[in-house]
Amino acid sequence: MHHDVSEILVSEKDIQAICERLGKQLTIDYRDKNPLLVGLLKGCVPFLSDLARKIDLSVEIAYMSVSSYHGGITSSGDVKIKMDLDFSLTNRNVLIVEDIVDTGKTLDTIVKLFKHRGAKSVKVVTLLDKPEGRVVPFLPDYIGQTIPKAFVVGYGLDYDEIYRNLPYVGILKPEVYTK
Ligand code: IMP
């Protein structure tokens, strides 16, 4: 375990089981729907990559980069599009792939935007959900694992751009960000 991590919350084995479970469900729910998976960079990368390979359908994949954190551990709540989609959403069944839902502000904003752009349906699959962090009401359609209100890193999740390559999700020791 990395020396900046105090506890592993979701192990590599847990992540594999989550991807298999969600992939099976999405394969059923999106049959004949030609889904467009939209990954929110950068945190979605390992999850989207593992999950997409468990969806036994023809899918398309697009990426968008949004930011609401600016190097710290609390969301600024101000959602900015850093890189937009290169796909039309008109009449598409869109499945947004996210690493974690905390305040809910990012997804609340993006789901509304995608509906405004003409998507037929917009649903959200998230690896992690921190419901205690909610500031706006938001319920993801598919959840890998619900976790307590702690700052976590690994498997795509960062603190100041570090730790994304850890193969598990763990709690970051508070002394790392209070230094
Ligand atoms: P929300 O708008 O507050 O729901 O924020 C969602 C985004 O905040 C996620 O996509 C992450 O980039 C980031 N985030 C929220 N909680 C954590 C965490 O515990 N660790 C790392 N990033 C987080």
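Owing to the predicted nature of the structure, the values given are computational and were not obtained by experimental measurement. As the structure lists them, so they are numbered: ligands from 1, and atoms in each ligand from 1.
Cluster membership for Val125 and Val152, using ILVMFWY side-chain heavy atoms within less than 4.5 angstrom, is shared.
Judged by the shortest distance from any of its heavy atoms, Val153 lies outside the 4.0 Å radius around the atoms of ligand 1. Close to ligand 1: Ala150, with a non-hydrogen atom less than 4.0 angstrom away. The shell of residues lying under 4.0 angstrom from ligand 1, judged by heavy atoms, includes Gly104.
Contact annotation: for Leu157 versus ligand 1, heavy atoms closer than 4.0 Å belong to the side chain alone.
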Residues Arg117, Asp84; criterion salt bridge (charged side-chain N to carboxylate O under 4.0 Å, His left out); working and verdict: CA-CA 12 Å; Arg117 288 183 179 180; Asp84 209 342; 2.8 Å; yes

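Checking each of Val101, Leu22, Ile100, Val169 against Leu127 for a side-chain contact (heavy atoms from CB on, under 4.5 Å) leaves exactly one that passes, namely Val169. Put simply, the residue from Asn165, Asp50, Asp99 that forms a side chain to side chain donor-acceptor pair (under 3.5 Å) with Tyr155 is Asp50.
Less than 4.0 angstrom separates some heavy atom of Ile100 from each of these atoms of ligand 1: 6 (C), 9 (C), 10 (O), 11 (C), 14 (N), 15 (C), 16 (N), 17 (C), 19 (O), 23 (C). If you number the atoms of ligand 1 from 1 as listed, the ones under 4.0 Å from a heavy atom of Asp158 come out as 21 (C). Numbered from 1 in the order shown, with element, the atoms of ligand 1 that lie under 4.0 Å from a heavy atom of Lys130 read 16 (N), 17 (C), 18 (C), 19 (O). In the vicinity of Thr106, heavy-atom distances shorter than 4.0 Å reach the ligand 1 atoms 1 (P), 2 (O), 5 (O), 6 (C).
Between Val152 and ligand 1, a contact under 3.5 Å exists for at least one N or O pair. The N/O atoms of Leu107, backbone and side chain alike, include none that comes under 3.5 Å of an N/O atom in ligand 1.
Using a 4.5 Å heavy-atom threshold, the side chains of Leu26 and Leu51 count as touching.
In this model, no donor atom of one side chain and acceptor atom of the other lie less than 3.5 Å apart for Tyr159 and Asp4.
Not counting sequence neighbours, the partners of Asp56 by the side chain to side chain contact (heavy atoms under 4.5 Å, CB included) test are Thr27.
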